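For reference, the structure is listed below as structure tokens.
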Number of protein chains: 2
Amino acid sequence: MQSAKPAASTDTAQIILDKSIPLFARSGYAGVSMRDIAKAVGISGAALYHHYPDKQSLYIAAMGYAFSDMAKSIQSTLDFKGTPEERLVRFTTSFTEQMAGAPDFRALLQRELLDGDEERLKLLADKVFVEPFKAMKELAQEMALDCDPHLLAISMAGLILFHFETESIRRYLPGGLKKHNNPKVIAQHVVRLLTGVTGK
Amino acid sequence: MQSAKPAASTDTAQIILDKSIPLFARSGYAGVSMRDIAKAVGISGAALYHHYPDKQSLYIAAMGYAFSDMAKSIQSTLDFKGTPEERLVRFTTSFTEQMAGAPDFRALLQRELLDGDEERLKLLADKVFVEPFKAMKELAQEMALDCDPHLLAISMAGLILFHFETESIRRYLPGGLKKHNNPKVIAQHVVRLLTGVTGK
DNA sequence: GTCTATAGCCTGATAGAC
DNA sequence: GTCTATCAGGCTATAGAC
């Protein structure tokens, strides 16, 4: 085990992942060609095959990288002591900020939920969500809302993520305002909903 | 204005839409070829171009059809008188049942939220969501939860839809059970959350 | 209204020079 | 490790017979 960042880690294989992630996020697996990726990296299409044996392997490596990055980030917000309400506020605020700042991750997650096969979904669950989800379930139980903790943990995540998912269409729904895309406003709303009317 | 169902409405143009909707729902625009659709319909690829000038027109017609169907269905559940709590229960139950029975609609909605351009999103909003959303906002205001009604209406929809969106991955999260995919269980959970701990 | 045949382009992937 | 050149096949869309 070496230090976290080996020197000269910016080799081509890594750059390929960095450049292909936003492409896959924007257009999906079928909507991105190997030539598109090659052009974004600045090498020929053939050179890609020196680093990854085929398109699918490249895609899976890109997902693994995009998701492991976020896994670390999410878990760091859940090691926090305090009352259940304090922890709810802390988790909601941090998670909302993280999602607001990671549009590619959100798009890739949505695409994997639609298109991922069993193997990829299991990997995504194990790699990113199982540990945070456990902590969310514990929090859900301590909140004493008399709900199934699994359902409540899903609802907590859904309340936050759905506001981002619908960002593109809320613009055309009555009463849609810019502030509804503000992570602070979203987080405050979610906390208020989950703590009952008593809020803030 | 004629009666709702003109005789012999099952012409080829309509069959093409019926057969292409599940394909687009499963694989997305880029993941479905005109040959795939032709094969599903049982005609040659060239014949498709007699009914639709190109793939994009066919896709847009298919979306229009899939969404107009659901628009009627959603709106029918919102013309209901009663106390706010009665109307919340009614809306939540009906909407959850409708979404549970319309996996293609859910997938197409997700895909349009990811891939739709401004024009398509505006059409989707106007055609399907603007009217139900107004009713949801009214309900949100009457519920007196001291929330921005726009945010609360989005949250109501999100609480329901997110459980379906994550159906494929919840299988791999701790505590995931079959009953968590049961529309009655989901609806009851959502109502309980939105009415505070007091609920049933 | 449907067919077969095909044009013209893009696709993933490979061969072999450097 | 990257390149140019290329293959074999899939793609959208069209032409023209029936």
Side-chain angles (χ1 to χ4, degrees), chain A residues 6-66 108 111-112 114-117 119-120, chain B residues 6-66 108 111-112 114-117 119-120:
Chain A
S9 72
T10 57
D11 59 343
T12 306
Q14 184 62 45
I15 294 172
I16 291 169
L17 300 188
D18 288 331
K19 298 291 187 182
S20 64
I21 283 171
L23 297 180
F24 284 129
R26 177 174 302 269
S27 307
Y29 181 82
V32 177
S33 72
M34 292 297 267
R35 283 170 174 82
D36 293 334
I37 296 169
K39 186 184 283 186
V41 175
I43 59 177
S44 74
L48 292 174
Y49 290 87
H50 178 77
H51 301 279
Y52 300 96
D54 53 33
K55 184 183 176 184
Q56 187 155 290
S57 303
L58 194 164
Y59 178 76
I60 289 171
M63 293 306 102
Y65 177 55
L108 292 174
R111 294 192 186 281
E112 285 295 276
L114 282 166
D115 299 327
D117 58 26
E119 189 185 342
R120 263 154 48 197
Chain B
S9 73
T10 54
D11 59 344
T12 308
Q14 183 62 46
I15 294 172
I16 291 169
L17 301 188
D18 287 331
K19 297 292 187 184
S20 63
I21 283 170
L23 297 179
F24 284 128
R26 178 173 301 271
S27 306
Y29 181 82
V32 177
S33 73
M34 292 297 266
R35 284 175 173 86
D36 293 334
I37 296 169
K39 187 184 283 184
V41 176
I43 59 177
S44 75
L48 291 174
Y49 290 87
H50 178 77
H51 302 278
Y52 300 97
D54 53 32
K55 182 183 176 183
Q56 187 154 292
S57 303
L58 194 164
Y59 177 75
I60 289 172
M63 294 305 102
Y65 177 55
L108 292 174
R111 293 192 185 281
E112 284 295 276
L114 281 166
D115 298 329
D117 58 26
E119 189 185 341
R120 263 156 46 200

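Keep in mind that the numbers below use all heavy atoms, side chains included, and drop hydrogens, waters and symmetry copies. What you see is a predicted model, and the numbers here were worked out from it, not measured in a lab.
Residue Val32(A) is classed as a sugar-phosphate contact, given heavy-atom separations below 4.0 Å to backbone atoms only.
For the pair Tyr52(B) OH and dT12(D) C1', the interatomic distance rounds to 17 Å; values are reported in whole Å. Going from atom OH of Tyr49(A) over to atom C1' of dA13(C) covers 5 Å, rounded to whole Å. The distance from atom CE of Met34(A) to atom P of dA8(D) is 20 Å, rounded to the nearest whole Å. Regarding Tyr59(B), its OH atom lies at a distance of 17 Å from the C1' atom of dT12(D), rounded to whole Å. Protein atom NZ of Lys55(B) is 9 Å distant from nucleotide atom P of dC11(D), rounded to whole Å. Between Asp36(B) atom CG and dT12(D) atom C1' there is a gap of 13 Å when expressed in whole angstrom units. In this structure, CG of Asp54(B) is placed 5 Å from P of dA13(D), rounded to the nearest angstrom. Going from atom CG of Leu58(B) over to atom P of dT12(D) covers 11 Å, rounded to whole Å.
The two residues Val41(B) and Ile16(B) have their closest heavy-atom pair at CG2-CA, 3.9 Å. Nearest heavy atom pair, residue Asp54(A) against residue Ser57(A), reads OD1-OG, 2.7 Å.
For the pair Ser33(A) and dT11(C), the criterion of a side-chain N or O lying under 4.0 Å from OP1 or OP2 is met.
Note on ring orientation: taking the six-membered ring where Trp is involved, the planes of Phe24(B) and Tyr59(B) are perpendicular (angle over 60°, cut-offs 30° and 60°).
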Tabulate protein N/O versus nucleotide N/O from nucleotides 2-5 of chain C, keeping only pairs under 3.5 Å, one per line.
from   : atom 1 : to       : atom 2 : distance (Å)
dT2(C) : OP1    : Thr12(B) : OG1    : 3.1
dT2(C) : OP2    : His51(B) : NE2    : 2.7
dC3(C) : OP2    : Ser44(B) : N      : 2.3
dC3(C) : OP2    : Ser44(B) : OG     : 2.8

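Salt-bridge formation is detected for the pair Asp115(B)/Arg111(A): a Lys NZ or Arg NE/NH1/NH2 atom is positioned less than 4.0 Å from an Asp or Glu carboxylate oxygen.
The base of dG12(C) sits within donor-acceptor range of the side chain of Arg35(A), with an N or O pair under 3.5 Å.
Judged purely by atom type and a 3.5 angstrom limit, Lys55(B) uses its side chain to pair as donor or acceptor with the backbone of Val32(B).
Taking the side chain as every heavy atom from C-beta outward, Leu17(B) and Tyr52(B) approach each other to under 4.5 Å.
Around CZ of Arg120(B), the count of heavy atoms belonging to other residues, nucleotides or ligands within 6.0 Å exceeds 12.
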